[in-house]
Amino acid sequence: MIDQKNLIIGGILLLLVAGTFWLSRQNITEDPGYTAREHRADYYLEGVDSTLMNLSGKPGKRLVAERMTHFMDDDSTELKLPRLTLYDLDRPPWRVNSETGWLSGDGEVLLLQGAVKIDRSAAPGVRPMRIRTRDLRVQPGDNYVETDAEVNIRSNKDHIDAKGMQIWLQQPIRIKLLANVRGRYEVNP
């Protein structure tokens with residue numbers, strides 16, 4: 001009787017050990033976080049000022065930020081108070097400012113989050129322009145910006161309000177307003 005009782009207890013213990021081993025292997029192989037790297041900063045810079053030159057050696061784009069934090073897992077970068085300047089040949093540059101930003105690892109997409117201001121100064125033959133919106137998607141390589149948010153555009157006494165826009169900030173400049181467009185154009189006497 002004792003041998004049979006010891007045999008049953010030994011069998012149960014063996015099953016428990018085998019079950020525990022099997023469960024521990026399941027957690028390692030099926031946990032998607034097991035192979036994923038942690039999203040954490042590997043470095044940061046303060047007072048960032050970076051200028052990208054065009055093919056003729058003149059400034060093409062400039063990015064200034066109070067703070068830049070880089071993340072190693074996806075090579076992305078978070079920006080605090082980013083200011084992007086897009087130079088336009090012999091015309092005044094476009095200046096784009098926001099509260100925060102996120103830059104993709106390949107540098108192809110810049111998401112400007114929060115309140116966004118886009119400004120261009122006046123020059124001979126060029127009207128000043130002031131655009132206010134939120135949450136702007138920028139493709140720096142194409143000088144292209146877009147948003148689905150409310151947009152307010154001012155140029156001298158003219159103004160346009162809309163919901164959503166697409167702008168190509170290079171010659172020829174094109175602005176596409178997506179919905180609920182209302183405007184006022186004042187003719188000078």
Side-chain angles (χ1 to χ4, degrees), residues 39 41-156 158-179 181:
H39 186 70
D42 57 343
Y43 66 88
Y44 72 91
L45 300 171
E46 293 185 358
V48 176
D49 189 340
S50 174
T51 302
L52 179 64
M53 309 306 267
N54 64 22
L55 293 175
S56 63
K58 295 181 180 177
K61 295 167 187 51
R62 181 178 179 203
L63 180 63
V64 176
E66 187 174 293
R67 182 180 175 104
M68 177 184 95
T69 305
H70 183 266
F71 294 87
M72 66 181 167
D73 63 324
D74 61 359
D75 200 27
S76 67
T77 304
E78 290 180 0
L79 304 164
K80 180 179 179 186
L81 298 174
R83 296 183 308 274
L84 177 66
T85 304
L86 302 169
Y87 296 95
D88 186 14
L89 300 174
D90 298 326
R91 299 173 181 264
W94 292 93
R95 289 183 170 78
V96 185
N97 304 315
S98 75
E99 298 169 8
T100 63
W102 176 87
L103 183 63
S104 64
D106 59 7
E108 296 292 319
V109 177
L110 174 62
L111 301 178
L112 297 177
Q113 299 147 332
V116 176
K117 299 175 185 177
I118 304 172
D119 293 299
R120 180 183 68 185
S121 301
V126 177
R127 294 179 66 170
M129 190 170 291
R130 186 185 86 204
I131 302 170
R132 301 296 180 256
T133 189
R134 298 191 59 79
D135 304 330
L136 193 71
R137 176 185 163 99
V138 181
Q139 293 173 326
D142 299 325
N143 286 359
Y144 171 80
V145 301
E146 68 181 10
T147 185
D148 294 325
E150 299 291 327
V151 179
N152 177 276
I153 302 173
R154 298 282 185 261
S155 181
N156 294 333
D158 304 332
H159 74 267
I160 298 172
D161 295 314
K163 179 149 176 67
M165 74 172 177
Q166 298 173 322
I167 305 180
W168 291 263
L169 298 170
Q170 57 194 7
Q171 297 302 319
I173 295 170
R174 295 174 290 155
I175 300 176
K176 182 177 180 180
L177 302 171
L178 304 180
V181 180

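Contact of the Lys117 side chain with the Leu136 side chain is not registered, since no non-hydrogen atoms from C-beta on lie closer than 4.5 Å. The shortest distance between side-chain heavy atoms of Leu178 and Gln166 falls below 4.5 Å. Residues Arg132 and Val116 have side chains not in contact (no heavy-atom distance under 4.5 Å, counting atoms from C-beta outward). No side-chain heavy atom of Arg130 sits under 4.5 Å from any side-chain heavy atom of Ser155. With contacts defined as side-chain heavy-atom distances shorter than 4.5 Å, the pair Leu112/Val138 qualifies. Looking only at side-chain heavy atoms (C-beta outward), Trp102 and Gln113 come within less than 4.5 Å of each other.
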Checklist entry - Run the side-chain contact (heavy atoms from CB on, under 4.5 Å) check on Leu45 and Arg67 step by step: do they pass? => result CA-CA 6 Å; Leu45 300 171; Arg67 182 180 175 104; over 6 Å; no
Checklist entry - Can Ile167 and Lys176 be said to form a side-chain contact (heavy atoms from CB on, under 4.5 Å), step by step? => result CA-CA 6 Å; Ile167 305 180; Lys176 182 177 180 180; over 6 Å; no
Checklist entry - What do the steps show when you test Asp119 against Arg154 for side-chain contact (heavy atoms from CB on, under 4.5 Å), and what is the final call? => result CA-CA 10 Å; Asp119 293 299; Arg154 298 282 185 261; over 6 Å; no
Compile the donor-acceptor pairs under 3.5 Å between side chains in residues 79-98 and protein atoms, sequence neighbours left out, one pair per line.
{"residue": "Lys80", "atom": "NZ", "partner": "Glu66", "partner atom": "OE2", "Å": "3.1"}
{"residue": "Asp88", "atom": "OD2", "partner": "Gln171", "partner atom": "NE2", "Å": "3.0"}
{"residue": "Ser98", "atom": "OG", "partner": "Thr100", "partner atom": "O", "Å": "2.9"}

Enumerate, atom names and distances included, each donor-acceptor pair closer than 3.5 Å involving a side-chain atom of residues 145-153, sequence neighbours excluded.
{"residue": "Glu146", "atom": "OE1", "partner": "Tyr144", "partner atom": "OH", "Å": "2.5"}
{"residue": "Thr147", "atom": "OG1", "partner": "Arg134", "partner atom": "O", "Å": "2.8"}
{"residue": "Thr147", "atom": "OG1", "partner": "Asp135", "partner atom": "O", "Å": "3.1"}
{"residue": "Thr147", "atom": "OG1", "partner": "Ala149", "partner atom": "N", "Å": "3.1"}
{"residue": "Asn152", "atom": "ND2", "partner": "Asp161", "partner atom": "OD1", "Å": "2.7"}

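Here the OG-CD distance, from Ser104 to Gln139, works out to 10.0 Å after rounding to the nearest 0.5 Å. Rounded to the nearest 0.5 angstrom, Asn143 CG and Gln170 CD are separated by 5.0 Å. Atom OG of Ser50 is separated from atom CE of Met68 by 8.5 Å, given to the nearest 0.5 angstrom. Annotation: the span from Thr77 atom OG1 to Asp74 atom CG amounts to 8.5 Å, rounded to 0.5 Å.
The main-chain N or O of Asp158 is never found under 3.5 Å from a side-chain atom of Asn156 such that the two would form a donor-acceptor pair. Remark: side-chain polar atoms of Thr69 are not paired, donor with acceptor, to backbone N or O of Tyr44 under 3.5 angstrom.
The ring pair (Phe, Tyr, Trp, His ring centres under 6.0 Å) check on His70 picks up Tyr43, with sequence neighbours excluded.
Counting heavy-atom neighbours within 6.0 Å of Lys61 NZ, excluding the residue itself, gives a total above 12.
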